[in-house]
2 protein chains.
Amino acid sequence: MTAIKETSTNFENKRIVQFQCPVSFTLEKIGGRWKPLILFNLQKGPLRYGELKRCIPPITEKMLIQHLKELEADGLVERKSLPVVPPHVTYSLTTAGKSLNTILDGMAEWGLAQQNQG
Amino acid sequence: MTAIKETSTNFENKRIVQFQCPVSFTLEKIGGRWKPLILFNLQKGPLRYGELKRCIPPITEKMLIQHLKELEADGLVERKSLPVVPPHVTYSLTTAGKSLNTILDGMAEWGLAQQNQG
DNA sequence: TTTGATACTTACTTTAGGGTTAGTACTTGC
DNA sequence: GCAAGTACTAACCCTAAAGTAAGTATCAAA
C-alpha cells in the first residue's frame, strides 16, 4: 500500500481524531474515493473481481484491490477464492459490512436531496 | 484555499464519482479530518470562533477557518459577525446542516459498536 | 508601552492518497 | 505462436490535503 510516517503531526492528529470521534472512525472505514462505490455495488450481492471492475469503469486495478484489501482488513468485506485456473475470486459484504447499509442509504438520500436543491 | 488542477485524472474521477454516487457527494461535504468534529460541536448550538478552537485543541487556526469556510460555502454552517472591536463571530448549523444530525448519529453509533468489538 | 484578546491571512513545507505503466502465472481458443 | 482472459503486484510520479510559522488590525488593561 503506502508507507506511512508514524511520527508526523498529521499521523498523530489522525489517531487522536479517530479515537475521540466515532464519526471520524467510521469515515476512516468507508471514506476514500472508491469505497462507497465498492460497498454500494456489493450491497446487491457477491461479485467477482472482474465484475466489480466493470461496475466501476474509471477505477484502476491498483485502487480496486487496494481498497478491497483495506475493506477486508477492516472486516467489512469477505474474499473467497477458488484455486482454479483461471482464478475465481468473489467479494461479498460481511455482517459488519451489511450493517452499514442503513447509514449508506441515509447518506445517499441526503446527497440526492442536496443535489436537487443546489 | 488551494489551487486545484482541473485537468488531472484525479480531478476528473472526483467529479465523475460525486456525480454518479450520492454517498460520495455527501462524504465530500462532511469528510476531511476536522469537519465531523466541527459539525458535532455545533450540534449543541452556536459557537464563537475561539470557542470552537478550544473545543478542538489539536486543530490549527488555518484548518479551522478553511473548513468553516467550506462548510459555509456548502450551506451547512452560517457565519454571523458583529462589527465590533474586538470582533465577535459566531458559527451555527443551518437547516441543511442540522438535517445531517441523524446521519452523523448513525455513524457515531456504528463507529462505537465497531470499536467495542475490535 | 508592552501584553492580551479577538478573528483571521499568507507563504511555505510535508505527507498520504491517488494515478500511470508495466509485468506476473496459467490456460484456452484462434 | 500469439492474443485474451483471470486476478493481481510493483515501481514510480503527481497533487491535494494537512501542517508550520509568522503576520494583520483594533482596542483595553496593566
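What you see below is based on every heavy atom in this structure, not just the backbone, and it leaves out hydrogens, waters and symmetry mates. Just so we're on the same page: letters track the sequence lines, and every chain starts at 1.
Considering only side-chain N and O atoms, A/T9 lies nowhere under 4.0 angstrom from the phosphate OP1 or OP2 of C/dT14.
In this structure, B/I59 places its CD1 atom 15 Å from P of C/dA7, rounding to the nearest Å. Distance B/L37 CG to D/dA18 C1': 14 Å, rounded to the nearest Å. Here C/dG17 presents its C1' atom at 15 Å from CG of B/L27, a figure rounded to the nearest Å. Atom P of nucleotide C/dT15 and atom CD of A/E6 are separated by 13 Å, given to the nearest angstrom. The distance between atom CG of B/L82 and atom P of C/dA7, rounded to the nearest whole Å, is 10 Å. Separating the CZ atom of A/F11 from the P atom of D/dT20 is a distance of 15 Å, rounded to the nearest angstrom. When rounded to the nearest whole Å, the span between CE of B/M63 and P of D/dT20 equals 10 Å. When the P atom of D/dG19 is taken as reference, atom CD of B/Q66 falls 10 Å away, rounded to whole Å.
Between the side chain of B/T26 and the backbone N or O of A/M107, at least one donor-acceptor pair lies under 3.5 Å.
Not a single side chain to side chain donor-acceptor pair (under 3.5 Å) links A/E72 to another residue, sequence neighbours left out. Contacts of B/T94 classified as side chain to side chain contact (heavy atoms under 4.5 Å, CB included), with partners at least two apart in sequence or in another chain: B/E78, B/A96. Partners of A/R79 by side chain to side chain donor-acceptor pair (under 3.5 Å), not counting sequence neighbours: none found. Not a single side chain to side chain donor-acceptor pair (under 3.5 Å) links B/T60 to another residue, sequence neighbours left out.
Hydrophobic side-chain contacts under 4.5 Å tie B/I16 to no other Ile, Leu, Val, Met, Phe, Trp or Tyr residue. With a 4.5 Å cut-off between side-chain heavy atoms of Ile, Leu, Val, Met, Phe, Trp and Tyr, the cluster of B/V84 takes in B/L82.
Listed by first and then second residue, the salt bridge (charged side-chain N to carboxylate O under 4.0 Å, His left out) pairs involving residues 5-20 of chain A are A/E12-A/R15, A/K14-A/E28 (not counting sequence neighbours).
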Atom pairs under 3.5 Å: protein N/O with N/O of nucleotides 7-15 of chain D:
from: D/dA7; atom 1: OP1; to: A/R48; atom 2: NE; distance (Å): 3.0
from: D/dA7; atom 1: OP1; to: A/R48; atom 2: NH2; distance (Å): 3.0
from: D/dA7; atom 1: OP2; to: A/G50; atom 2: N; distance (Å): 3.2
from: D/dC8; atom 1: OP1; to: A/R79; atom 2: NH1; distance (Å): 2.2
from: D/dC8; atom 1: OP2; to: A/R79; atom 2: NH1; distance (Å): 3.4
from: D/dC8; atom 1: OP2; to: A/Y91; atom 2: OH; distance (Å): 2.9
from: D/dC8; atom 1: N4; to: A/E61; atom 2: OE1; distance (Å): 2.1
from: D/dT9; atom 1: OP2; to: A/K69; atom 2: NZ; distance (Å): 2.7
from: D/dT15; atom 1: OP1; to: B/K5; atom 2: NZ; distance (Å): 2.5

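At least one cation-pi condition fails for A/K53 and A/Y49: the charged atom is not both under 6.0 angstrom from the six-membered ring centre and inside a 45 degree cone around its axis.
In this structure, the helix from C/dT1-D/dA30 to C/dC30-D/dG1 shows an angle of 30° between the axis at its start and the axis at its end, each fitted on 5 base pairs and rounded to 10°.
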List the atom pairs, donor and acceptor, that lie under 3.5 Å between side-chain atoms in residues 30-43 of chain A and the rest of the protein, sequence neighbours left out.
from: A/R33; atom 1: NH1; to: B/N10; atom 2: O; distance (Å): 2.9
from: A/R33; atom 1: NH1; to: B/N10; atom 2: OD1; distance (Å): 2.7
from: A/R33; atom 1: NH2; to: B/N10; atom 2: OD1; distance (Å): 2.9
from: A/K35; atom 1: NZ; to: A/E70; atom 2: OE1; distance (Å): 2.8
from: A/N41; atom 1: OD1; to: A/K44; atom 2: NZ; distance (Å): 3.4
from: A/N41; atom 1: ND2; to: A/L37; atom 2: O; distance (Å): 2.8
from: A/Q43; atom 1: NE2; to: A/N101; atom 2: OD1; distance (Å): 2.9

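The number of heavy atoms from other shown groups lying within 6.0 Å of CZ (A/F19) does not exceed 12.
Both B/H67 and B/V85 lie near DNA chain D, and the one whose nearest nucleotide falls closer to the 5' end is B/H67.
Within the 4.5 Å cutoff, the side chain of A/L112 has heavy atoms near those of the A/Q115 side chain.
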B/T95 and B/K98: CA distance, side-chain angles, deciding distance, side chain to side chain contact (heavy atoms under 4.5 Å, CB included) verdict: CA-CA 5 Å; B/T95 310; B/K98 285 176 192 159; 5.8 Å; no
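Of all the residues in residues 14-26 of chain A, A/K14 reach under 4.0 Å from DNA chain C with at least one non-hydrogen atom. Contacts between residues 29-36 of chain B and DNA chain D, counted as heavy-atom distances below 4.0 Å, involve B/G32, B/R33, B/W34.
Taking hydrophobic clusters as Ile, Leu, Val, Met, Phe, Trp and Tyr residues chained together by side-chain heavy-atom distances below 4.5 Å, A/L27 does not share a cluster with A/F25.
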